[in-house]
Amino acid sequence: VIAYIFLHFFWFFGVNGGSVVGAVFNPILQTLSLENMEFFRTGAGQGHIICQQFQDLFATFGGAGSTLSLAIAMILFCKSKRITELESFPDPRIFNINEPIIFGLPIVLNPTMLIPFMLVPTLNIIISYFAMSLGFVPICSGVNIPWTCPLGISGFFATNWVGGVLQILLLIMGIIIYMPFIKIMDKQYLNDEAEAAKRKKKTIFLSMTFPLTICKEEIYYEDIMIYDQIHPAQAFKDDHMLPLGATKDTVGPAVMMDLF
């Protein structure tokens, strides 16, 4: 448990925690897996609950943080454009590849997501350990199941059908834990998008005809686009200032405008 807390803490700072912690921890886990395989093959020695397959298939399925649960929570509960567009990409998380969420949501340096990101895999370890120690789920056989094997199938291959059911139950638990946190982020993104829509860039043309009519709408100075390239008797839109879809048309005399 402590090793996995450190693993996910490294990920929070953008460092691949699996590589850092795994450099020390994985040789131990792989040795335990080999002993499990020998135990199932010959009956010699004893089996171990903690092994490489336990880590890959029950502790961190869906990638670091068991973010397959987070991905499903995003689909079910989020409405912001930023999150829905992230979910529109072909989803590799079913194969336990979660870098799009780690760096795209993001989880890196995001304090809102730190608690569930560390809590979900920790609970996965504790629940799976006791389920196997109490005999509800067989221990992993030690057969090398690829960590990219999809949820449910991998649990079945590593133990039996009960292992696949345990994975599904852990997935549902993770969705419930991630849900309030991702909804907080979604609300923040919705507010940001609404504010951006309010302050959408406005192009204002000031005529040289007097008197000038000042509109009563509140206008922010930084939202004003000024065309200051003056040609004889008329002004043109600067190429670098053209809004999307606009053309370089004559707009009439141009004026300079200072903050007022």
Side-chain angles (χ1 to χ4, degrees), residues 1-12 15-71 91-99 101-102 107 117-174 177:
V1 171
I2 294 174
Y4 273 85
I5 289 175
F6 276 104
L7 184 152
H8 290 86
F9 194 66
F10 279 120
W11 268 118
F12 176 74
V15 178
N16 190 320
S19 297
V20 175
V21 176
V24 177
F25 208 50
N26 283 349
I28 300 173
L29 295 176
Q30 291 164 7
T31 300
L32 295 175
S33 292
L34 291 174
E35 292 181 2
N36 275 12
M37 189 180 299
E38 186 67 17
F39 171 73
F40 277 92
R41 189 175 68 86
T42 65
Q46 62 178 4
H48 307 285
I49 296 176
I50 304 297
C51 61
Q52 186 71 53
Q53 289 70 43
F54 180 89
Q55 168 194 270
D56 294 340
L57 310 181
F58 293 95
T60 56
F61 57 84
S66 291
T67 51
L68 182 59
S69 298
L70 173 58
D91 197 345
R93 285 175 291 277
I94 192 173
F95 301 108
N96 304 318
I97 299 170
N98 68 339
E99 277 77 6
I101 280 186
I102 295 286
I107 289 176
F117 185 67
M118 299 178 71
L119 178 62
V120 171
T122 301
L123 290 178
N124 288 347
I125 292 171
I126 294 172
I127 293 173
S128 298
Y129 183 88
F130 281 105
M132 292 181 180
S133 64
L134 295 174
F136 296 120
V137 179
I139 65 173
C140 297
S141 63
V143 176
N144 186 21
I145 309 297
W147 61 269
T148 53
C149 188
L151 184 78
I153 299 174
S154 59
F156 172 76
F157 285 156
T159 58
N160 60 20
W161 66 270
V162 183
V165 172
L166 176 60
Q167 285 183 318
I168 300 299
L169 294 176
L170 294 175
L171 176 71
I172 295 172
M173 179 195 70
I177 294 174

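Only a predicted model underlies this, so the values are computations on that prediction, with no experimental measurement involved. Below, each value reflects all heavy atoms present in this structure, side chains not excepted, and no hydrogens, waters or symmetry copies.
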Nearest 0.5 Å please: distance from the CZ atom of Phe157 over to the CD1 atom of Ile145. 7.0 Å
Find the distance between NE2 (His8) and CG (Leu119) and round it off to the nearest 0.5 Å. 11.0 Å
State the OG1-CG distance between Thr159 and Leu166, to the nearest 0.5 angstrom. 8.0 Å
Counting C-beta onward and ignoring hydrogens, is there a side-chain heavy-atom pair between Leu32 and Phe54 closer than 4.5 Å? no
Is there any salt bridge (charged side-chain N to carboxylate O under 4.0 Å, His left out) pair reaching into residues 38-55, and which pairs are they, with sequence neighbours excluded? Glu38-Arg41
Residues pairing under salt bridge (charged side-chain N to carboxylate O under 4.0 Å, His left out) where one sits in residues 127-141, two or more places apart or in two chains, turn out to be none
Minimum side-chain heavy-atom gap Ser33-His48 below 4.5 Å: no
dist Ile153:CD1 -> Leu57:CG (nearest 0.5 Å) comes out at 12.0 Å
Ile107 side, atom CD1; Leu70 side, atom CG - distance, nearest 0.5 Å: 5.5 Å
What pair of heavy atoms forms the shortest contact from Ile139 to Gly47, and how long is it? CD1-CA, 3.6 Å
N/O donor-acceptor pair under 3.5 Å between Thr67 side chain and Gly62 backbone: yes
Asn26 side chain near Gln30 side chain, heavy-atom distance below 4.5 Å: yes
Please report the shortest heavy-atom distance between Phe58 and Cys140, naming the atom on each side. CE1-SG, 3.8 Å
Would you mind reporting whether Ile5 and Thr122 have side-chain heavy atoms less than 4.5 Å apart? yes
Counting only heavy atoms not in Ile2 (residues, nucleotides, ligands), do more than 12 fall under 6.0 Å from its CD1? no
Tell me the closest heavy-atom pair linking Asn98 and Ala64, and the distance in Å. ND2-O, 2.9 Å
Heavy-atom check, side chain of Asn16 versus side chain of Trp11, under 4.5 Å: yes
Check whether any side-chain heavy atom of Asn124 lies under 4.5 Å from a side-chain heavy atom of Met173, and answer yes or no. yes
To the nearest 0.5 Å, tell me how far Ile50 CD1 sits from Ser133 OG. 9.5 Å
Please test Ser69 against Ile177 for side-chain contact (heavy atoms from CB on, under 4.5 Å), starting from the C-alpha separation and ending with a verdict. CA-CA 9 Å; Ser69 298; Ile177 294 174; over 6 Å; no
Closest non-hydrogen contact found for Thr60 with Ser66 is CA-OG, 3.6 Å
I want to check something: taking the side chain as every heavy atom from C-beta on, are Leu171 and Phe61 in contact at a cut-off of under 4.5 Å? yes
Atom of Pro138, atom of Asn160 and distance for their closest heavy-atom approach: CG-ND2, 3.3 Å
For Phe25, does the CZ atom sit with more than 12 other heavy atoms under 6.0 Å from it, leaving out its own atoms? no
Mind listing the closest non-hydrogen atom pair of Leu151 and Ser154 along with its distance? CA-OG, 4.2 Å
Would you say the side chain of Cys51 lies within less than 4.5 Å of the side chain of Leu29, judging by non-hydrogen atoms? no
So does Ala158 get a backbone contact from the side chain of Gln53, meaning a donor-acceptor N/O pair under 3.5 Å? no
